[in-house]
Undergrad: 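My questions will all concern the structure given below.
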Amino acid sequence: MNIQKNILLKDYLSFKIGGPAQYFAKVSDLKDLQDTLTWAKTEKQPLTILGGGTNMLVSDQGIKGLVLKLDFNQLEFENNKVKVGCGVPLAFLLNRSLEENLVGLEFAAGVPGTVGGAIRGNAGTYGVAMDSIVKKISYLDKNNELKEMEGSQANFTYRHSIFKEKKDWIIIEAEIELTKGDVGKARQIVKERLQYRQDTQPNEPSAGCIFKNVKFEDTDIEALKARKLEIEKFEKFKKIPAAYLIEKAGLKGHSIGGAKISEKHANYIINANKASFEEVIMLISFIKQQIRDKYGIQLTEEVQIVI
Ligand SMILES: Cc1cc2nc3c(=O)[nH]c(=O)nc-3n(C[C@H](O)[C@H](O)[C@H](O)COP(=O)(O)OP(=O)(O)OC[C@H]3O[C@@H](n4cnc5c(N)ncnc54)[C@H](O)[C@@H]3O)c2cc1C
């Protein structure tokens, strides 16, 4: 058990915003994790889990209690199944799977972060997400006991899983099922997706998309059409991209302090110039208020805000 004090979190976060963790530990095996969790419980320290840090906005005041960086990096292939630790980067899993002639993870091309973070948020693109490949998940429950569930029990929906409901459960490992398939074609898809991202998404520090896309069922579609929004374009996925609404509202490029709505992709707030946590929060509120006023839609955050 190696618990450090006062570790600056922005170095671990893609947004490059965030103060110090009061206590910080990197753990890579179960025994070490359980010992560290027992310590936190005895010392009554609240717990925050950190995966790849690509979906988190952390306060400049930092995080009280213990921040645990999970580095479980095991990766075992057996036929078309993969047992993968929660700390394995999704990009690495994709590349290794292709080397094993397995396809099915192309949707993850360009999605940064770890397998654990991706399962918790059911990360995905183009209407395909982790729920399509995750068969089993092992996790620690709030009593520090190792449990296993089927993927079908994980309450997966759009950018959601049971791990957002049970905040004290920790994903340890997953069993993923892929398919033996046309790897040449899969590599081509991955290449095109990465190029598309390069062309359409910003390079500056960010936490990816700030808001979830808006489900058709949660909106008055006819009212939006009456406001000259081209909703038919989004019929296929039955979701209106938050980026589309923000762009239509004329907010691209708007900034507060060092935080700016990307000119390249309106659902990205970028850390353009040493943005503070507060500046990003103010910009998020501003966007929400504008979209509410213009379109009667309440945007909800995809980014995990940690204070
Ligand atoms: C440039 C960029 C592009 C992106 N594009 C996409 C995209 O196309 N699609 C998409 O879905 N997302 C996208 N994202 C968002 C992000 O990459 C995903 O949400 C990713 O899955 C987060 O994984 P992570 O390991 O970084 O999680 P973190 O940011 O470290 O954590 C996210 C949340 O999960 C919790 N968590 C992490 N690991 C565990 C665990 N093992 N057990 C329990 N809880 C855990 C954390 O406490 C936190 O609440 C993008 C982000 C960036 C910066």
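Numbering of residues begins at 1 and proceeds along the displayed sequence. Everything quoted here is computed from the prediction, not taken from an experiment. Atoms within a ligand are numbered from 1 in the order they appear, just like the ligands themselves.
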Undergrad: If the cut-off is 4.0 Å to any non-hydrogen atom of Gly113, which atoms of ligand 1 fall inside it?
TA: 23 (O), 24 (P), 25 (O), 26 (O)

Undergrad: For the residue pair Phe216 and Phe234, is the inter-centroid distance of their aromatic rings smaller than 6.0 Å?
TA: no

Undergrad: List the closest protein heavy-atom neighbour of atom 13 (C) of ligand 1: residue, atom name, distance to the nearest 0.1 Å.
TA: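 The closest heavy atom on the protein side is Val111 CG1, 3.9 Å.
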
Undergrad: Should Phe15 and Thr54 count as side-chain neighbours, where that means a heavy-atom distance under 4.5 Å?
TA: no

Undergrad: Please answer: with hydrophobic residues joined when any side-chain heavy atoms are less than 4.5 Å apart, are Leu70 and Val67 in the same cluster?
TA: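 No; Val67 is not reachable from Leu70 via cluster members.
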
Undergrad: Checking the N or O distance criterion of under 3.5 Å, is ligand 1 in contact with Gly52?
TA: yes

Undergrad: Determine, stepwise, if the pair Arg96 / Glu99 fulfils salt bridge (Lys or Arg N to Asp or Glu O under 4.0 Å).
TA: CA-CA 5 Å; Arg96 282 290 296 110; Glu99 281 170 13; 3.0 Å; yes

Undergrad: On a heavy-atom basis, which atom in Ile269 and which in Ser206 lie closest, and how many Å separate them?
TA: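 So the two residues come closest at O-CB, 3.5 Å.
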
Undergrad: Quickly, which of Arg159, Lys164, Lys212 forms a salt bridge (charged side-chain N to carboxylate O under 4.0 Å, His left out) with Glu302? Name it, please.
TA: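 Option passing the salt bridge (charged side-chain N to carboxylate O under 4.0 Å, His left out) with Glu302: Arg159.
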
Undergrad: Look at atom 51 (C) of ligand 1 and find which of Cys86, Ala118, Gly208 reaches it with the closest heavy atom.
TA: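 Answer by nearest heavy atom: Gly208.
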
Undergrad: Below a 4.0 angstrom heavy-atom separation, can you tell me which part of Thr54, side chain or backbone, both or neither, approaches ligand 1?
TA: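 Contact part for Thr54 vs ligand 1: both backbone and side chain.
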
Undergrad: Please work out which of Ile49, Thr114, Val58, Thr48 has its closest non-hydrogen atom nearest to atom 46 (C) of ligand 1.
TA: Ile49

Undergrad: Against ligand 1, does Phe15 come closer than 4.0 Å with any heavy atom?
TA: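 It does not, in that no heavy atom of Phe15 comes within the 4.0 Å cut-off of ligand 1.
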
Undergrad: Looking at Tyr158, does the NZ or CZ of Lys239 lie under 6.0 angstrom from its six-membered ring centre and within 45 degrees of the ring axis?
TA: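 Checked: cation-pi criterion met.
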
Undergrad: Give the single entry among Gly117, Gly53, Gly116, Ala123 that approaches atom 28 (P) of ligand 1 most closely by any heavy atom.
TA: Gly53

Undergrad: Judged on heavy-atom distance to atom 32 (C) of ligand 1, which of Arg193, His265, Met56 sits nearest?
TA: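 When every heavy atom of Arg193, His265, Met56 is considered, Met56 comes closest to atom 32 (C) of ligand 1.
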
Undergrad: With atoms numbered from 1 as shown, which atoms in ligand 1 lie under 4.0 angstrom from a non-hydrogen atom of Leu70?
TA: 40 (C), 41 (N)

Undergrad: Taking atom CD of Glu100 as the centre, does the number of heavy atoms from other residues, nucleotides or ligands within less than 6.0 Å exceed 12?
TA: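 Counting other residues, nucleotides and ligands, CD of Glu100 exceeds 12 neighbours.
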
Undergrad: Counting heavy atoms only, which part of Cys209 comes closer than 4.0 Å to ligand 1: side chain, backbone, both or neither?
TA: neither

Undergrad: Are side-chain heavy atoms of Leu13 and Leu50 found at a separation under 4.5 Å?
TA: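 Yes - at least one pair of side-chain heavy atoms lies under 4.5 Å apart.
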
Undergrad: Is ligand 1 under 4.0 Å from a heavy atom in the side chain of Asn55, in the backbone, in both, or in neither?
TA: both

Undergrad: Could you tell me the residue and atom name of the protein heavy atom closest to atom 44 (N) of ligand 1, and the distance to it rounded to 0.1 Å?
TA: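 For atom 44 (N) of ligand 1, the nearest protein heavy atom comes out as Arg120 CD, 3.4 Å.
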
Undergrad: Salt bridge or not between Glu204 and Lys264? Use side-chain N to carboxylate O under 4.0 Å.
TA: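 Result for this pair is no, no salt bridge flagged.
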
Undergrad: Suppose we measure from atom 5 (N) of ligand 1 to each protein heavy atom; which comes out shortest, and what is that distance?
TA: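 Residue, atom and distance for the closest contact: Arg197 NH1, 3.3 Å.
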
Undergrad: With a cut-off of 4.0 Å, which atoms of ligand 1 are near a heavy atom of Ser14?
TA: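 Ligand 1 atoms under the 4.0 Å threshold to Ser14: 53 (C).
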
Undergrad: Between Ile281 and Ile63, is there shared hydrophobic-cluster membership here, with clusters defined by ILVMFWY side-chain heavy atoms closer than 4.5 Å?
TA: no

Undergrad: Which atoms of ligand 1 sit under 4.0 Å from any heavy atom of Thr125?
TA: 8 (O)

Undergrad: Are Tyr126 and Phe107 close enough that their ring centres sit under 6.0 Å apart?
TA: no

Undergrad: Tell me whether Lys166 is salt-bridged to Asp168, with the criterion being a basic N under 4.0 Å from an acidic carboxylate O.
TA: no

Undergrad: Does Lys288 come within less than 4.0 Å of Glu301, counting only side-chain N to carboxylate O?
TA: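 So Lys288 pairs with Glu301 through a salt bridge.
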
Undergrad: So for ligand 1, is Gly51 a polar contact partner (N or O within less than 3.5 Å, distance only)?
TA: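 Right, the criterion is met.
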
Undergrad: Measure the distances from the heavy atoms of Gly121 to every atom of ligand 1 and state whether one is below 4.0 angstrom.
TA: no

Undergrad: For atom 42 (N) of ligand 1, tell me which residue out of Ile171, Ile305, Val67 has the closest non-hydrogen atom.
TA: Ile171

Undergrad: Just which atoms of ligand 1 are under 4.0 Å from any heavy atom in Trp169?
TA: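 Every atom of ligand 1 under 4.0 Å from some heavy atom of Trp169: 43 (C).
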
Undergrad: My understanding is that we take every heavy atom of each candidate and find the minimum distance to atom 50 (C) of ligand 1. Doing that for Pro202, Ala109, Pro112, Gly124, which one comes out nearest?
TA: Pro112

Undergrad: Consider ligand 1: state whether an atom of it lies below 4.0 angstrom from any non-hydrogen atom of Arg159.
TA: yes

Undergrad: Examine ligand 1 and decide if any of its atoms is less than 4.0 Å from a heavy atom belonging to Tyr268.
TA: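 The answer is yes, since Tyr268 has a heavy atom less than 4.0 Å from ligand 1.
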
